[in-house]
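Notes follow once the structure below has been shown.
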Amino acid sequence: EAQSTSSQSSARIENRKQELFSDRKSVTVKVSVISSWGDTQTVGLTELHILNRFAENVRLAPGNVKVLYTHCNRLSLSKLFNKKIQTTSRRHMWDVPLPLALRVGVMFELVMTVPAKSEPRVLRIWNYNSDEKLPSSNGQQIDGTARGMKYIRVQVNGQRVWEGDIPKAPGRADVEYHFDIP
């Protein structure tokens with residue numbers, strides 16, 4: 001009985017995804033960042049992937065991604081796709097300064113556009129994984145992982161598909177970690 005309920009739930013999710021992607025040439029995934037793990041000046045990630053229905057990586061490039069409400073250049077943005085996942089070095093991670101005024105509680109937004117034929121299904125996130133101590137706005141030192149995203153909202157083609165906390169990164173390169181949002 002429990003297995004059939006789980007199967008029905010999976011089928012409903014897959015049908016909803018097919019509805020989101022039907023009759024479109026491209027799929028837009030928007031990640032609204034609401035809070036960080038403690039850094040009040042900068043927020044970032046180690047890596048970001050979109051996986052297709054076969055769990056294969058859909059190619060993302062800086063031209064497919066926009067950052068709204070803060071400044072981010074393409075060179076910096078390319079760090080999101082550099083495949084340097086098992087690292088604690090800030091130079092391999094992507095981060096952006098937070099805007100001075102927050103827009104309706106949103107720090108900034110990442111907007112990714114991919115071809116619908118790539119059949120995107122999962123957003124895979126590696127949170128900011130620095131093991132360094134970083135300066136904070138009050139002059140104190142904070143843990144490098146505090147720069148990671150915490151509370152986010154994800155929309156696909158304008159429909160909210162997920163909202164919640166992303167786990168904090170471990171701050172160690174020898175630990176495999178990521179967070180998947182279906």
Side-chain angles (χ1 to χ4, degrees), residues 20 26-51 57-85 87-114 120 122-138 140-171 177-182:
L20 288 171
S26 63
V27 174
T28 301
V29 179
K30 179 165 61 172
V31 178
S32 300
V33 180
I34 312 301
S35 68
S36 73
W37 279 101
D39 193 326
T40 59
Q41 298 175 323
T42 308
V43 174
L45 292 173
T46 298
E47 189 87 8
L48 181 69
H49 292 177
I50 293 178
L51 305 179
N57 194 22
V58 175
R59 187 178 180 282
L60 285 173
N64 301 90
V65 181
K66 293 179 190 169
V67 181
L68 306 178
Y69 316 122
T70 190
H71 175 72
C72 179
N73 65 44
R74 284 184 183 235
L75 180 61
S76 171
L77 201 53
S78 67
K79 292 179 181 182
L80 271 178
F81 324 110
N82 65 13
K83 298 183 178 137
K84 298 192 190 251
I85 295 167
T87 184
T88 56
S89 172
R90 291 183 349 188
R91 69 184 177 147
H92 298 301
M93 296 179 210
W94 172 80
D95 58 21
V96 292
L98 295 177
L100 296 176
L102 296 182
R103 180 188 167 273
V104 193
V106 174
M107 292 178 163
F108 65 90
E109 293 178 326
L110 279 166
V111 181
M112 298 155 282
T113 305
V114 296
V122 174
L123 180 64
R124 179 165 287 172
I125 297 172
W126 285 266
N127 220 339
Y128 201 85
N129 196 38
S130 174
D131 63 355
E132 301 173 44
K133 295 293 182 190
L134 304 172
S136 68
S137 59
N138 65 7
Q140 301 292 320
Q141 296 284 308
I142 59 171
D143 182 63
T145 58
R147 189 164 278 180
M149 295 177 183
K150 184 177 181 185
Y151 196 84
I152 67 167
R153 182 181 310 124
V154 179
Q155 294 179 344
V156 175
N157 292 335
Q159 293 186 28
R160 186 179 303 181
V161 296
W162 191 86
E163 185 169 345
D165 284 350
I166 298 174
K168 193 174 188 182
Y177 77 99
H178 62 267
F179 185 70
D180 288 347
I181 298 172

Y177 side chain to N127 main-chain N or O, any donor-acceptor pair under 3.5 Å? yes
Taking the six-membered ring for Trp, are H178 and W126 parallel (under 30°), tilted (30 to 60°) or perpendicular (over 60°)? tilted
T42 side chain vs D95 backbone, donor-acceptor pair below 3.5 Å: no
Is there side-chain contact between L123 and V161, with at least one heavy-atom pair below 4.5 Å? no
Working to the nearest 0.5 angstrom, can you tell me the gap between R124 CZ and F179 CZ? 11.5 Å
Is any side-chain heavy atom of V114 closer than 4.5 Å to one of V29? no
Any donor-acceptor N/O pair, D180 side chain to V122 backbone, under 3.5 Å: no
Sole candidate of R147, K133, K150, R90 that passes salt bridge (charged side-chain N to carboxylate O under 4.0 Å, His left out) when paired with D39: R147
G171 versus D131, closest heavy-atom pair with distance: O-CB, 3.3 Å
For residues Y151 and D165, report the shortest heavy-atom separation together with the two atoms involved. CD1-OD1, 3.1 Å
Is any side-chain heavy atom of V43 less than 4.5 Å from a side-chain heavy atom of Y128? no
Once you round to the nearest 0.5 Å, how far does OG of S35 lie from CD1 of I166? 9.0 Å
Is there side-chain contact between L51 and N57, with at least one heavy-atom pair below 4.5 Å? yes
If you take all heavy atoms of M93 and S130, which pair is closest and at what distance? CE-N, 3.4 Å
Supply the atom-to-atom distance D143 CG to E132 CD, rounded to the nearest 0.5 angstrom. 10.5 Å
Roughly how far, to the nearest 0.5 Å, is CG of L60 from CE of M112? 7.0 Å
Please report the closest heavy-atom contact between A169 and N129, naming both atoms and the distance. CB-OD1, 3.3 Å
Tell me, do L48 and L110 make a side-chain contact under 4.5 Å, heavy atoms counted? yes
When rounded to the nearest 0.5 angstrom, what is the spacing between NZ in K83 and NE2 in H92? 15.0 Å
Donor-acceptor contact below 3.5 Å, side chain K79 vs main chain R91: yes
Look only at the side chain of N64 and the backbone of T113, and say whether a donor-acceptor pair between them is shorter than 3.5 Å. yes
Measure the shortest side-chain to side-chain distance between L77 and V67 over non-hydrogen atoms and say whether it is less than 4.5 angstrom. yes
Distance-minimising heavy-atom pair for T40 and L98: O-CD1, 3.4 Å
Closest non-hydrogen contact found for W94 with C72 is NE1-SG, 3.3 Å
Should I125 and M149 count as side-chain neighbours, where that means a heavy-atom distance under 4.5 Å? no
Taking the side chain as C-beta and beyond, is there a heavy-atom pair between I85 and H49 under 4.5 Å? yes
Between CD of Q141 and CG of L134, what distance do you get to the nearest 0.5 Å? 7.5 Å
